[in-house]
Amino acid sequence: MRVIVIGGVAGGMSTATRLRRLSENAEITVLERSGHVSYANCGLPYHVGGVIEQRSDLLLQTPQSLHDRFALDVRVHHEVLAIHRARHVVTVRNLETGDDLELPYDHLVLATGARAVRPPIPGIERALSLRDVEDTDALVAAASGARTAVVIGGGFIGVEVAENLVHLGLDVAVVEAADQVMAPIDPEMATPVHDRMRAHGVDLRLGSAVAAIGPHEVTLATGDTLYADLVVAAIGVRPETTLAEQAGLAIGERGGILVDDQLRTSDPDILAVGDAVEKTDAVDGTAALIPLANTANLQGRRAADVIAGHAARNRPVLGTAIVGVFGLQVASTGWSEKRLRAAGREVRAIHTHPASHATYYPGADTIALKLLVDPVTDEILGAQGVGASGVDKRIDVIATAMAGRLPASALADLELAYAPAFSSAKDPVNMLGHIAENLRTGTSRSIQWHEVWDAVAAGAAIVDVREASERAGGRVIDGSVHIPVNQLRDRLAEIPDGPVIVHCAVGVRGHTAARILTQHGRDVRNLDGGYRTWIAGTRAQRMHDSHSRAGVPERSTSDRTR
């Protein structure tokens, strides 16, 4: 059995090594256009910043080490020029010698990855990308003599590159066309990320577009000019499908290679894995492009199983991801609220701000967690987390629950590891489940930060149940009545007639207040996530309004707070 794998990083190398473990007799050849295989591409930004000091630490294997252990024929600097499906051969060029040759195959695996998006901006040729080791070398060399840098794009890679350039001592600006960085999270969850980036000196230009890149500067569409000894384009990636298209293989609606649940393309002898292929979204079953290393590695393993004749199926994807931002962990899984609402889905949002572990044990950090739930079925649709520690394991637990089809209320029943240094007796994930259960059963009702002013306009009163010290310095929702929760039973007469919105700092005392008032016959809703979520959301809304060119802006947050 002759198997050729095109592409020697995550998906391709996983295919080759797994197949060797399944079959000693297969003839396996890996063709890689660049000069390196099996490198840690997710670690590239951290080598740029010097966090990973040794370049060699990124190079996990070499052609020789892969031959010695797995008997693989790994050829770097070999570019596949064409796939001849009828003859079952590929035309390959040795980029070092310029010689072309043909190699036959019984099974072909496309692991061609993704290519960086390069929009037609004047001067874009000056901008560097970060996709492979060669890109990293170029960026390290350019950064060594630079003092200023502009990163175009505020996604995962853009944020990581910006942080690492700051680590090198450069003055860094990030230009992002959207109103926020990191599109998979919602605006109120992005607010602390923006704050953290600005606190570390990043000039964050949101809602901005690059008009031109000059020899020493970047000009924005607003006319602003940013000095830039170094420019990095981190605008996103697209599936690398050139070979597949030229070979007449089917391309999906999202622009990736179309594969079935066994990762076979429209030619059953050709499989495809990784960033080049379309995936199936786990939330709604539609086509998705999610370029993540863990998915590429798993698909490579499954492709090897299929070739070896084992039962294997490709799984749908949630898009679970995490990034570090100047000490913050920012993670998400599934869909965001903005995406769900844009798709016309009904959604219930739950915000909490728990401690990363028991507060009486030193070092506890506050986490912002958001759970998105179908209000009819109780299905978990997505989750997001931001915090200094403990975010990763909470999002991982929720992603696992989603894969197991657990309803949101079932999170309350999960038996999770507990000791004061690691969690609380009621883990933050358990608390999300308790809130989901209360909302599902009607034990409590909530209102979202963006719904408050419409409710007030319709006659609702806001009751702040925090302590007086928490309202100091203007941390107040305009027009709210202040009655601390411990005094609420004795001061019921002070609450205005009509619907009531109660709020505390993060929602816990608000829930207690809501239960008190509900049992006294009041129509009451608890502000989800409390003041902390409200202020983050209204700040994000003000940012959006300042960038909006259509319609009449809403009242700014300065009108709503004292």
Side-chain angles (χ1 to χ4, degrees), residues 188 192 348-360 364-371 386-387 411-412 423-452 455-456 460-496 498-538 560-562:
E188 75 278 16
R348 174 181 290 145
I350 299 171
H351 295 82
T352 63
H353 298 272
S356 57
H357 61 250
T359 54
Y360 57 81
D365 298 304
T366 299
I367 301 172
L369 288 176
K370 181 175 185 178
L371 186 71
V386 179
L411 297 177
S423 184
S424 300
K426 294 179 182 178
D427 187 86
V429 173
N430 296 136
M431 292 304 299
L432 288 170
H434 288 306
I435 297 169
E437 182 179 29
N438 284 336
L439 293 171
R440 178 179 61 83
T441 60
T443 302
S444 61
R445 298 164 60 217
S446 65
I447 186 170
Q448 295 302 309
W449 64 268
H450 53 81
E451 299 171 331
V452 168
V456 169
I462 304 174
V463 178
D464 182 350
V465 300
R466 298 175 297 166
E467 298 301 314
S469 60
E470 297 176 83
R471 292 167 60 90
R475 296 187 296 272
V476 178
I477 298 180
D478 189 42
S480 60
V481 177
H482 180 224
I483 306 176
V485 65
N486 291 349
Q487 303 174 24
L488 193 59
R489 291 181 180 87
D490 298 326
R491 298 174 60 182
L492 294 173
E494 298 177 33
I495 299 174
V500 178
I501 299 169
V502 295
H503 86 84
C504 62
V506 298
V508 178
R509 287 169 292 172
H511 173 63
T512 299
R515 291 302 304 149
I516 292 170
L517 294 179
T518 297
Q519 293 177 81
H520 280 83
R522 300 303 303 266
D523 176 7
V524 58
R525 287 181 286 176
N526 184 21
L527 176 57
D528 182 56
Y531 181 83
R532 186 169 296 177
T533 295
W534 180 85
I535 193 62
T538 50
R560 299 176 183 174
T561 59
R562 285 201 292 265

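Just so you know, these numbers come straight off a predicted model, no measurement behind them.
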Under the rule for side-chain hydrogen bond (donor to acceptor under 3.5 Å, both in side chains), what residues qualify as partners of [X], not counting sequence neighbours?
X: His511; result: none
X: Arg348; result: none
X: Thr359; result: none
X: Thr533; result: His353

If a pair satisfies salt bridge (charged side-chain N to carboxylate O under 4.0 Å, His left out) and one of its residues is in residues 515-527, list it, with sequence neighbours excluded. Arg445-Asp523
Does any pair with a residue in residues 485-496 pass salt bridge (charged side-chain N to carboxylate O under 4.0 Å, His left out), and if so which ones, sequence neighbours excluded?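 Checked against salt bridge (charged side-chain N to carboxylate O under 4.0 Å, His left out) - neighbours excluded - the pairs reaching residues 485-496 are Arg491-Glu494.
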Flag, side chain of Ser446 to backbone of Asp528, donor-acceptor distance under 3.5 Å: no
Main-chain N/O of Glu467 paired with Glu470 side-chain donor or acceptor, under 3.5 Å: yes
Restricting to side-chain contact (heavy atoms from CB on, under 4.5 Å), what partner residues turn up for [X], sequence neighbours left out?
X: His520; value: Leu492, Ile516
X: Glu451; value: Ile447, Gln448
X: Thr441; value: Glu437, Thr443
X: Val485; value: Val465, Arg509, Thr512, Ala513

Starting from the C-alpha separation in whole Å, work towards a yes-or-no answer on side chain to side chain contact (heavy atoms under 4.5 Å, CB included) for Arg475 and Tyr531. CA-CA 8 Å; Arg475 296 187 296 272; Tyr531 181 83; 3.7 Å; yes
Out of the candidates Val502, Val524, Val500, only one should pair with Ile495 under the side chain to side chain contact (heavy atoms under 4.5 Å, CB included) rule; please name it.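 The passing option is Val500.
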Out of Leu432, Val386, Ile350, which one pairs with Leu369 under the side chain to side chain contact (heavy atoms under 4.5 Å, CB included) rule?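 It is Leu432; the other options fail the test.
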Atom pair [atom1] ([X]) and [atom2] ([Y]), whose distance is rounded to the nearest 0.5 Å:
X: His434; Y: Leu411; atom1: NE2; atom2: CG; result: 10.0 Å
X: Glu188; Y: Thr538; atom1: CD; atom2: OG1; result: 10.5 Å
X: Ile501; Y: Ser480; atom1: CD1; atom2: OG; result: 11.0 Å
X: Ile483; Y: Leu517; atom1: CD1; atom2: CG; result: 8.5 Å
X: Leu527; Y: Trp534; atom1: CG; atom2: CH2; result: 9.0 Å

Go through the structure and list residues passing salt bridge (charged side-chain N to carboxylate O under 4.0 Å, His left out) with Asp464, not counting sequence neighbours. Arg466, Arg471
Heavy-atom pair of closest approach, residues [X] and [Y]:
X: Ile367; Y: Ser356; value: CD1-CA, 3.7 Å
X: Ala364; Y: Ala355; value: CB-CB, 4.3 Å
X: Ala514; Y: Asn526; value: CB-CB, 4.4 Å

Under the ring-ring contact (aromatic ring centres under 6.0 Å, His included) test, which residues partner His357, sequence neighbours left out? Tyr361
